[in-house]
Number of protein chains: 2
Amino acid sequence: MLFSKACIYGIRATFYVSLYQGKREFIPINEISDALGISFHFLTKILQKLTRNSIMISYRGPKGGITLARAPEDISILEIIKAIDGEESLNSCILGLPGCGTERPCPLHDEWGPKRDALYQIFANTTLKNINEKFLIENFRISWKDNGGSTH
Amino acid sequence: MLFSKACIYGIRATFYVSLYQGKREFIPINEISDALGISFHFLTKILQKLTRNSIMISYRGPKGGITLARAPEDISILEIIKAIDGEESLNSCILGLPGCGTERPCPLHDEWGPKRDALYQIFANTTLKNINEKFLIENFRISWKDNGGSTH
DNA sequence: GATATTTAAGACAAATTTGTCTTAAATATG
DNA sequence: CATATTTAAGACAAATTTGTCTTAAATATC
Ligand code: SF4
Ligand code: SF4
């Protein structure tokens, strides 16, 4: 698993929220946790990392909830990942051989390095606006809750 | 982290052993754990997964230790990963959105799918022989022990 | 102001991963 | 056969991640 469960939940929740951007004000967390089948309190703690990192804004009380802090085109997947799993999760190597790097590559570096960089660029360049467009264009109906896993 | 620590340790240990292939009989695990700076007993348990999966052969007693079960060109990195972290670690998606897949892609699938497949192929196609050649050709001197992390 | 709704915060518990230790079994050597 | 070496196996502990619960604070509505 490249990302922690917390990170995946955070990404899913952000996708969910971003679908309502411009249509509703604040989305209550319990609605999200219900839709995604995630523990409400666990999700709350995850989302707090996003509000602390100015990715989301939260509002308490009736009609409260969370919403994006910025325009969807200004929020990348990478930001979410960094806010939840930290900087290292994508910078560090899959093998993590110590003391290595470009000037002292391990036997896999030539192959892995470019792949890792490409992966990083995907997350850096994909914004929530891109995601929303994909959702709309492809008329995507995701089953947010776990239901047997992905088929590849 | 794509792989568990156990998996990374297993890969490092296998690299270490394969460097002596054809030169020494069995490599004692305590030598490996010393060289790699890993707990001896923890490494022993990890390596047992490799012996159970016919990747390594172990031998008890003086002059005992472990060695590769097959020729280096017949052992891929992928096998090691599967033996330790299981099949799913590379088949499952980084995001793990449920119920999705090629026929029901999430907004990242078009980008992530090919990357994941390419990654899979690297590990499937890279054998210990490839690794050894790299080590020799590049006259690689790895510092097996952690010493501050990779520089990228 | 009273009440219901909703996030914030933190204590706590469960599960998983990582790491340690002890004992047993196998084997080479003298 | 006695001894030292080395893996096997499994109990146990520590650390981390995941998940639950309780209380407090903010806010809309009546
Ligand atoms: S040399 Fe590169 S591929 Fe190899 S372990 Fe280090 S960062 Fe990873
Ligand atoms: S559709 Fe593809 S990329 Fe998206 S979550 Fe599923 S497997 Fe992953």
Side-chain angles (χ1 to χ4, degrees), chain A residues 1-14 17 24-69 81 84-86 88-89 96 145-146, chain B residues 1-14 17 24-69 81 84-86 88-89 96 145-146:
Chain A
M1 289 235 290
L2 185 49
F3 303 126
S4 69
K5 280 196 177 186
C7 189
I8 292 173
Y9 293 165
I11 293 173
R12 289 191 203 175
T14 311
V17 169
R24 295 169 63 190
E25 290 272 355
F26 291 96
I27 316 289
I29 299 178
N30 64 38
E31 174 187 329
I32 307 173
S33 66
D34 279 357
L36 274 58
I38 306 173
S39 148
F40 165 74
H41 290 98
F42 191 33
L43 183 58
T44 295
K45 285 200 297 188
I46 296 165
L47 292 174
Q48 281 168 10
K49 289 190 180 182
L50 299 184
T51 57
R52 286 191 213 106
N53 281 273
S54 302
I55 294 168
M56 299 273 207
I57 292 172
S58 67
Y59 194 82
R60 291 199 249 202
K63 296 199 171 178
I66 58 166
T67 190
L68 300 183
I81 294 167
I84 298 173
D85 270 358
E88 323 74 44
S89 58
K145 295 186 191 184
D146 283 354
Chain B
M1 288 235 290
L2 186 49
F3 304 125
S4 69
K5 279 196 177 187
C7 189
I8 291 173
Y9 292 165
I11 293 173
R12 289 191 203 175
T14 311
V17 169
R24 296 168 63 188
E25 291 271 356
F26 292 96
I27 316 291
I29 299 177
N30 64 38
E31 175 187 329
I32 307 173
S33 66
D34 278 356
L36 273 59
I38 305 172
S39 149
F40 166 75
H41 290 99
F42 190 35
L43 183 58
T44 295
K45 283 199 299 187
I46 296 165
L47 292 174
Q48 282 168 10
K49 289 190 179 182
L50 298 184
T51 58
R52 285 193 214 104
N53 281 273
S54 303
I55 293 168
M56 298 274 206
I57 292 171
S58 67
Y59 193 82
R60 290 199 250 200
K63 296 199 172 179
I66 59 166
T67 190
L68 300 183
I81 294 167
I84 298 173
D85 270 358
E88 322 75 43
S89 59
K145 295 186 189 182
D146 283 353

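Chain letters run A, B, ... following the sequence lines, proteins first, then strands; residues in each count from 1. Only this structure's heavy atoms are used, side chains among them; waters, hydrogens and symmetry mates stay out. Since the model is a prediction, treat every value here as computed from it, not as a measurement.
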A.B. asks: State, to 0.1 Å, how close B:Phe42 and B:Ala6 come at their nearest heavy-atom pair, and which atoms those are.
C.D. replies: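 Closest heavy-atom pair between B:Phe42 and B:Ala6: CZ-CB, 4.3 Å.
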A.B. asks: For the CD1 atom of B:Ile81 and the CD1 atom of B:Ile8, what is their distance to the nearest 0.5 Å?
C.D. replies: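 So the gap between those two atoms works out to 10.0 Å.
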A.B. asks: Strictly below 4.0 Å: does B:Tyr9 bring a side-chain N or O up to OP1 or OP2 of C:dG19?
C.D. replies: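 Result: yes.
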A.B. asks: Rounded to whole angstroms, how far apart are CD1 on A:Ile38 and C1' on D:dG19?
C.D. replies: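 Spelled out: CD1 on A:Ile38 to C1' on D:dG19 is 12 Å.
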A.B. asks: To the nearest Å, give me how far apart NZ (A:Lys5) and C1' (C:dT16) are.
C.D. replies: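 Whole-Å distance recorded here is 10 Å.
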A.B. asks: Over how many whole Å does the gap from A:Ile8 atom CD1 to D:dT18 atom C1' extend?
C.D. replies: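 Interatomic distance, CD1 of A:Ile8 to C1' of D:dT18: 13 Å.
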A.B. asks: Let me know the distance between CD of B:Glu25 and P of C:dA28, rounded to the nearest Å.
C.D. replies: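 The distance from CD of B:Glu25 to P of C:dA28 comes to 11 Å, rounded to the nearest Å.
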A.B. asks: To the nearest 0.5 Å, what is the distance between CG on A:Leu43 and CD on A:Gln48?
C.D. replies: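 The distance works out to 10.0 Å.
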A.B. asks: If you measure from CG on A:Asp85 to OG on A:Ser4, what distance do you get to the nearest 0.5 Å?
C.D. replies: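 Result: 3.5 Å between the selected atoms.
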A.B. asks: With side-chain contact (heavy atoms from CB on, under 4.5 Å) as the test, would you mind laying out the steps for B:Ser89 and B:Leu2 before giving the verdict?
C.D. replies: CA-CA 8 Å; B:Ser89 59; B:Leu2 186 49; over 6 Å; no
A.B. asks: In Å, rounded to the nearest 0.5 Å, how long is the span from CD1 of B:Ile57 to OG1 of B:Thr51?
C.D. replies: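 Between atom CD1 of B:Ile57 and atom OG1 of B:Thr51 there are 9.5 Å.
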A.B. asks: With the criterion being N/O to N/O and under 3.5 Å, what pairs connect the protein with nucleotides 4-9 of chain C, and how long is each?
C.D. replies:
residue, atom, partner, partner atom, Å
C:dT5, O2, A:Pro62, N, 3.4
C:dT6, O4', A:Gly61, O, 3.2
C:dT6, O2, A:Gly61, N, 3.4
C:dT7, OP1, A:Ile29, N, 2.6
C:dT7, O3', A:Ser58, OG, 3.2
C:dT7, O2, A:Arg60, NH1, 3.2
C:dA8, OP1, A:Ser58, OG, 2.6
C:dA8, O4', A:Arg60, NH1, 3.2

A.B. asks: Rounded to the nearest 0.5 Å, what separation is found between the OG atom of B:Ser39 and the OH atom of B:Tyr9?
C.D. replies: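 Reported value, rounded in 0.5 Å steps: 8.5 Å.
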A.B. asks: Of the non-hydrogen atoms in A:Ser54 and A:Ala69, which two are nearest, and what is the gap between them?
C.D. replies: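 Residues A:Ser54 and A:Ala69, closest heavy atoms: O-CB, 3.3 Å.
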A.B. asks: Check each of A:Leu50, A:Ile29, A:Ile66, A:Leu47 against A:Val17 using the side chain to side chain contact (heavy atoms under 4.5 Å, CB included) test, and report the only one that passes.
C.D. replies: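 For A:Val17, the side chain to side chain contact (heavy atoms under 4.5 Å, CB included) test succeeds with only one of A:Leu50, A:Ile29, A:Ile66, A:Leu47, which is A:Ile66.
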A.B. asks: Tell me: CD1 of A:Ile84 to C1' of D:dT17, nearest whole Å?
C.D. replies: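 After rounding, the reported distance stands at 14 Å.
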A.B. asks: For DNA chain C, what dot-bracket results from Watson-Crick or G-U pairs at under 3.5 Å, with [ ] for crossers and | for inter-strand partners?
C.D. replies: ||||||||||||||||||||||||||||||
A.B. asks: Would you tabulate the pairs of protein nitrogen or oxygen atoms and nucleotide nitrogen or oxygen atoms of nucleotides 13-15 of chain C closer than 3.5 angstrom?
C.D. replies:
none

A.B. asks: Could you give the CZ-to-P distance, from B:Phe42 to C:dT22, as a whole number of Å?
C.D. replies: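 One finds 19 Å between P of C:dT22 and CZ of B:Phe42, rounded.
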A.B. asks: First locate atom NZ of A:Lys5, then atom CD1 of A:Ile46, and finally report the distance between them rounded to the nearest 0.5 Å.
C.D. replies: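 With rounding to 0.5 Å, NZ (A:Lys5) is 10.5 Å from CD1 (A:Ile46).
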A.B. asks: Counting just side-chain N and O atoms, does A:Ser4 come under 4.0 Å of either OP1 or OP2 of D:dT17?
C.D. replies: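 Result: no.
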A.B. asks: State, with a plain yes or no, whether a side-chain heavy atom of B:Met56 is found less than 4.5 Å away from one of B:Thr14.
C.D. replies: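 Touching, per the 4.5 Å side-chain cut-off.
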